[in-house]
Amino acid sequence: MAIRIRIAAPLRPLTGGRDEIQASGASVGEVLESLETLHPGFAANIFENGQIRRFFSFYLNGEDIRFLAGLHTPVSDGDVLSIIPAIAGARPST
Amino acid sequence: MLRIPEPLLLQVLAHCEDGYPAECCGAFLGRVRDGERAVEEAHPLTNVNRERPRDRYEADPRELLALERKARENALSVVGFYHSHPDHPERPSATDTERAWPGYSYLIVSVREGRATGWRSWVLEEDPRRFVEEPITGSAA
Ligand SMILES: [Zn+2]
């Protein structure tokens with residue numbers, strides 16, 4: 001299954017500056033792992049101990065994969081996976 | 001460099017003042033050329049941090065997803081973010097630095113007693129991880 005992956009700015013250095021790439025696999029997890037071959041460092045940036053780092057959200061066709069089947073969510077040809085970095089901070093504590 | 005037209009900057013300052021004393025945040029859509037981010041649109045984002053909205057912010061990721069889509073439709077991209085520091089200076093906090101991403105401009109607005117009193121823009125550098133101030137210009141490219 002070939003799907004499109006939309007890449008937010010912080011990850012674009014890992015995709016040669018591209019904001020969208022294609023990848024294949026049966027599930028979201030497989031697709032992301034397959035990226036490591038084409039874009040070394042990509043999976044390492046996203047995963048930590050086999051889990052998605054908590055500072056990213058993944059949306060498959062606009063649905064948060066945490067409310068689907070997470071990394072096991074099956075994908076179909078033409079699906080769009082968006083990677084959204086968490087934007088957060090705090091004012092100084094003093 | 002952050003290039004932001006004055007009407008958009010005023011819109012951002014007004015959003016931060018209206019939200020006082022809570023922390024407010026928003027996103028910039030625009031274009032990147034030669035490491036310079038040129039803002040064409042500013043959009044408020046909901047602060048979804050419910051426990052500590054006065055001193056923390058966390059942008060609603062669904063709104064951000066929608067903005068990424070809107071940006072793409074208009075051949076723009078999300079180039080940065082702004083947030084307010086109620087009653088604190090416009091310098092990044094340790095948490096800001098910890099949670100930031102490279103490749104974006106981070107505009108911080110200091111709001112004191114409901115008035116925006118200062119604003120500065122910052123870019124994250126890695127190795128070592130730190131924020132470096134970048135100039136802000138209002139003039140067109
Ligand atoms: Zn802050």
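Chain naming here is simple, since letters A, B, ... match the order of the sequence lines and numbering starts at 1 in each. Predicted model, so just to flag it, every value in this text is computed and none were measured.
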Walk me through it: do B/Ser105 and B/Glu134 pass the test side chain to side chain donor-acceptor pair (under 3.5 Å)? CA-CA 8 Å; B/Ser105 286; B/Glu134 65 174 353; 2.6 Å; yes
Indicate the atoms forming the closest heavy-atom contact of [X] with [Y], along with that distance.
{"X": "B/Arg37", "Y": "B/Tyr104", "answer": "NE-C, 3.9 Å"}
{"X": "B/Ala42", "Y": "B/Val12", "answer": "CB-CG2, 3.8 Å"}
{"X": "B/Arg99", "Y": "A/Ala88", "answer": "CB-O, 3.4 Å"}
{"X": "A/Pro10", "Y": "B/Trp101", "answer": "CG-CB, 3.5 Å"}
{"X": "B/Glu23", "Y": "B/Pro86", "answer": "CG-CD, 3.5 Å"}
{"X": "A/Tyr59", "Y": "B/Pro61", "answer": "OH-CB, 3.4 Å"}

Side chain to side chain contact (heavy atoms under 4.5 Å, CB included) with B/Glu90: which residues, sequence neighbours excluded? B/Ile108, B/Ser110, B/Arg120
Starting from B/Val111, can I reach B/Leu8 by hopping between I/L/V/M/F/W/Y residues whose side chains sit under 4.5 Å apart? yes
Group every Ile, Leu, Val, Met, Phe, Trp and Tyr by side-chain heavy-atom contacts under 4.5 Å, then state whether B/Ile4 and B/Leu76 land in the same group. no
Interchain contact, [X] with chain B, by part (heavy-atom threshold 4.5 Å):
{"X": "A/Phe55", "value": "both"}
{"X": "A/Phe56", "value": "side chain"}
{"X": "A/Ile87", "value": "both"}

Just give me the residue among A/Ser57, A/Ala9, A/Ala8, A/Pro85 that pairs up with chain B most often, heavy atom to heavy atom, under 4.5 Å. A/Pro85
More than 12 heavy atoms of other residues, nucleotides or ligands under 6.0 Å from CZ of B/Arg115: yes or no?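 No, CZ of B/Arg115 has 12 or fewer neighbouring heavy atoms, counting only those of other groups under 6.0 Å.
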Any residue of [range] which, by heavy atoms, sits under 4.5 Å from chain B:
{"range": "residues 13-30 of chain A", "result": "A/Asp19, A/Glu20"}
{"range": "residues 32-48 of chain A", "result": "none"}
{"range": "residues 61-82 of chain A", "result": "A/Gly62, A/Glu63, A/Asp64, A/Ser82"}

Checking heavy atoms, do the side chain of [X], its backbone, both or neither come under 4.5 Å from chain A?
{"X": "B/Pro92", "answer": "neither"}
{"X": "B/Arg91", "answer": "backbone"}
{"X": "B/Phe81", "answer": "side chain"}

Only one of B/Val39, B/Leu9, B/Leu13 clears side-chain contact (heavy atoms from CB on, under 4.5 Å) with B/Leu107; which? B/Leu9
When the ring planes of B/Phe28 and B/Tyr82 are compared, do they come out parallel, tilted or perpendicular, using 30° and 60° as the limits? tilted
Is there a donor-acceptor pair closer than 3.5 Å between any side-chain N or O of B/Arg129 and the backbone N or O of B/Ala100?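 Yes; at least one donor-acceptor contact below 3.5 Å.
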Working to the nearest 0.5 angstrom, can you tell me the gap between A/Arg91 CZ and B/Asp55 CG?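 Reported value, rounded in 0.5 Å steps: 5.0 Å.
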SB check B/Glu36 B/Arg31 (cutoff 4.0 Å):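 Looking at B/Glu36 and B/Arg31, the cut-off is not met.
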